[in-house]
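Note sheet for the following structure.
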There are 2 protein chains.
Amino acid sequence: MATRTDAPTRREQILREAARLFAERGFHGVGVDEIGAAVGISGPGLYRHFAGKDAMLAELLVGISGQLLTGGRRRVAEAEGGAEGLLDSLIEGHIDFALDDRPLITLHDRELDRLRDSDRKLVRQLQRQYVELWVEVVREVYPELTEPAARSAVHSVFGLLNSTPHLGRPGALPGRTGTAELLHRMARGAFGAAGVTPGA
Amino acid sequence: MATRTDAPTRREQILREAARLFAERGFHGVGVDEIGAAVGISGPGLYRHFAGKDAMLAELLVGISGQLLTGGRRRVAEAEGGAEGLLDSLIEGHIDFALDDRPLITLHDRELDRLRDSDRKLVRQLQRQYVELWVEVVREVYPELTEPAARSAVHSVFGLLNSTPHLGRPGALPGRTGTAELLHRMARGAFGAAGVTPGA
DNA sequence: TCCACTAGTTAATGAGCGTTAACGCAACTC
DNA sequence: GAGTTGCGTTAACGCTCATTAACTAGTGGA
């Protein structure tokens, strides 16, 4: 547990820079020499830390999915109030992630197909569990939603929350907390509107 | 104008298949031989129709952005009721596009960086105009939104609407019209919630 | 009938890039 | 102080892939 605040290890440096570069120019658009240069070593030196370029992407994507799922489960376990507060907690967690790790969010649904079958299956499974976790909570807050509708709504809200990379880079927007609040309100509004049946 | 219902020309075939393949595996992940094979000719034969692989992507992305902007402007011009109805019309148009041309929607924000500077600038400009068109209408319907907030909200709603590629491929969802209605309601709900000021 | 043009073909070229080989060198251990 | 191990380096290999060259068959006027 002492590693938490230690200087980042080489592996972590590499992963961070690789994530940034992959997000900027795509997995195939980035060369190993570039990744190496970004951490001050050159090209093949990376192979002391990773089996290959694919392995970096795999570790990144599995890590993201796992982190999201773990965070979601923790929030479910720690939930005190009712489902309402829990949903707010999930939204808040997802927004924090989207705002703090934009490159990872970008990677998350862009480069999944570049993985080996086994890794891709694992990532898909983690993603599915995360979605199902949300679906349950959403249906508790909005019982009028059918399960397929709730699942669609969750995917769509993820699309909304994950739009942060498209928001102006520096700060034409109301600042971090303002953006987080705006996204939060919009997510709740979207779920609420999903619930009203159109025929009634 | 007779070309509308004619058999698709070779160029159009190629563009359609290229869009599908680029969306599935990324620009760099697809070879020209594959694109050729998808339309029944082989590899270098494509060069009778396009200057190169880059040119295909450029034409696709410029086409998408242009179509969106043109459609949006047409709706603004044809608007009869107030801003409310116009906003609904814009949302409807965007949803139609997202549902009918999923591969293009995917490409739209994934592969922009692979373009030559001039093309990228053009696409960005078209996108920006499309966003601004929405921002104006949104602010008319929700006057309490500041301009930056409205712009963020528009981007986020685009994220929501463009999430269609992530919705289950065949039809675990309520069918096309059901999905369209769900997305529409969520978009309106998101905008509405963006408008309420948190402090009040 | 000949010419020109369109739309293909296969073979060759050349660049880029992931990966491996071979080697160097501090730091730590016994 | 000799050996091992961790972490780099540069050079070379081999493959993929976009692009070009060279060539061919059909088609539609003049």
Side-chain angles (χ1 to χ4, degrees), chain A residues 2-3 6-61 107 110-120, chain B residues 3 6-62 107 110-120:
Chain A
T3 53
D6 280 0
T9 166
R10 229 330 105 88
R11 275 183 71 87
E12 288 165 352
Q13 278 184 54
I14 294 171
L15 284 176
R16 181 187 320 277
E17 294 304 308
R20 185 178 56 79
L21 290 167
F22 289 161
E24 278 174 11
R25 294 206 287 288
F27 179 68
H28 285 112
V30 178
V32 289
D33 289 354
E34 264 174 300
I35 303 173
V39 299
I41 73 181
S42 216
L46 297 169
Y47 286 73
R48 296 286 169 201
H49 304 275
F50 292 93
K53 200 180 154 193
D54 300 352
M56 299 178 208
L57 182 65
E59 189 157 330
L60 281 172
L61 292 185
L107 251 51
R110 234 190 198 50
E111 310 280 4
L112 185 57
D113 317 310
R114 259 53 101 199
L115 260 51
R116 305 204 327 271
D117 266 25
S118 63
D119 289 324
R120 189 171 52 248
Chain B
T3 51
D6 281 359
T9 168
R10 229 329 104 90
R11 275 183 71 86
E12 289 165 352
Q13 279 184 54
I14 295 172
L15 284 176
R16 181 186 321 278
E17 294 304 309
R20 185 178 55 79
L21 290 167
F22 289 160
E24 278 174 11
R25 297 206 286 288
F27 179 68
H28 284 112
V30 177
V32 290
D33 290 355
E34 264 175 300
I35 303 173
V39 299
I41 73 182
S42 215
L46 297 170
Y47 285 75
R48 295 288 168 199
H49 304 276
F50 292 93
K53 201 181 155 194
D54 299 350
M56 298 179 209
L57 182 64
E59 189 157 330
L60 282 172
L61 293 186
V62 173
L107 250 51
R110 234 191 200 43
E111 309 280 3
L112 185 57
D113 317 310
R114 258 56 98 196
L115 261 51
R116 307 204 324 272
D117 267 24
S118 63
D119 289 324
R120 188 171 55 246

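Proteins get letters first, then strands, A, B, ... in listed order; numbering begins at 1 in each.
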Problem set entry | Within residues 39-50 of chain B or reaching into it, pairs that qualify as side-chain hydrogen bond (donor to acceptor under 3.5 Å, both in side chains) - sequence neighbours excluded | none
For this session: Indicate, with a heavy-atom threshold strictly under 4.0 Å, whether B/V39 touches base, sugar-phosphate, or nothing.
Result: nothing
Problem set entry | Whole-Å gap separating P (C/dC17) and CD1 (A/I35) | 12 Å
For this session: Using atom CG of B/D33 as one end and atom P of C/dT10 as the other, report the distance to the nearest whole Å.
Result: 10 Å
Exercise. What residues form a side chain to side chain contact (heavy atoms under 4.5 Å, CB included) with A/I41, not counting sequence neighbours?
Worked result: A/R10, A/V39, A/L46
Exercise. More 5' along DNA chain C: A/V32 or B/I41, using each one's nearest nucleotide?
Worked result: B/I41
Problem set entry | side chain to side chain contact (heavy atoms under 4.5 Å, CB included) partners for B/R116, two or more places apart | B/S118, B/D119
Seminar exercise, completed: Across all chains, not counting sequence neighbours, the side chain to side chain contact (heavy atoms under 4.5 Å, CB included) partners of A/R20 are A/E17, A/E24, A/A38
Exercise. Among residues 43-53 of chain B, which contact DNA chain C at a heavy-atom distance under 4.0 Å?
Worked result: B/P44, B/G45, B/R48, B/H49
Seminar exercise, completed: Nearest heavy-atom approach of A/G43 to A/D33 is CA-OD1, 3.3 Å
Please list, one pair per line, the donor and acceptor atoms closer than 3.5 Å that link side chains of residues 50-61 of chain B to other protein atoms, with sequence neighbours excluded.
unit_1	atom_1	unit_2	atom_2	d
B/K53	NZ	B/F27	O	3.0
B/K53	NZ	B/V30	O	2.9
B/E59	OE1	B/R11	NH2	2.5
B/E59	OE2	B/R11	NH2	2.6

Exercise. Could you state the CZ-C1' distance from B/F27 to D/dT16, rounded to the nearest angstrom?
Worked result: 15 Å
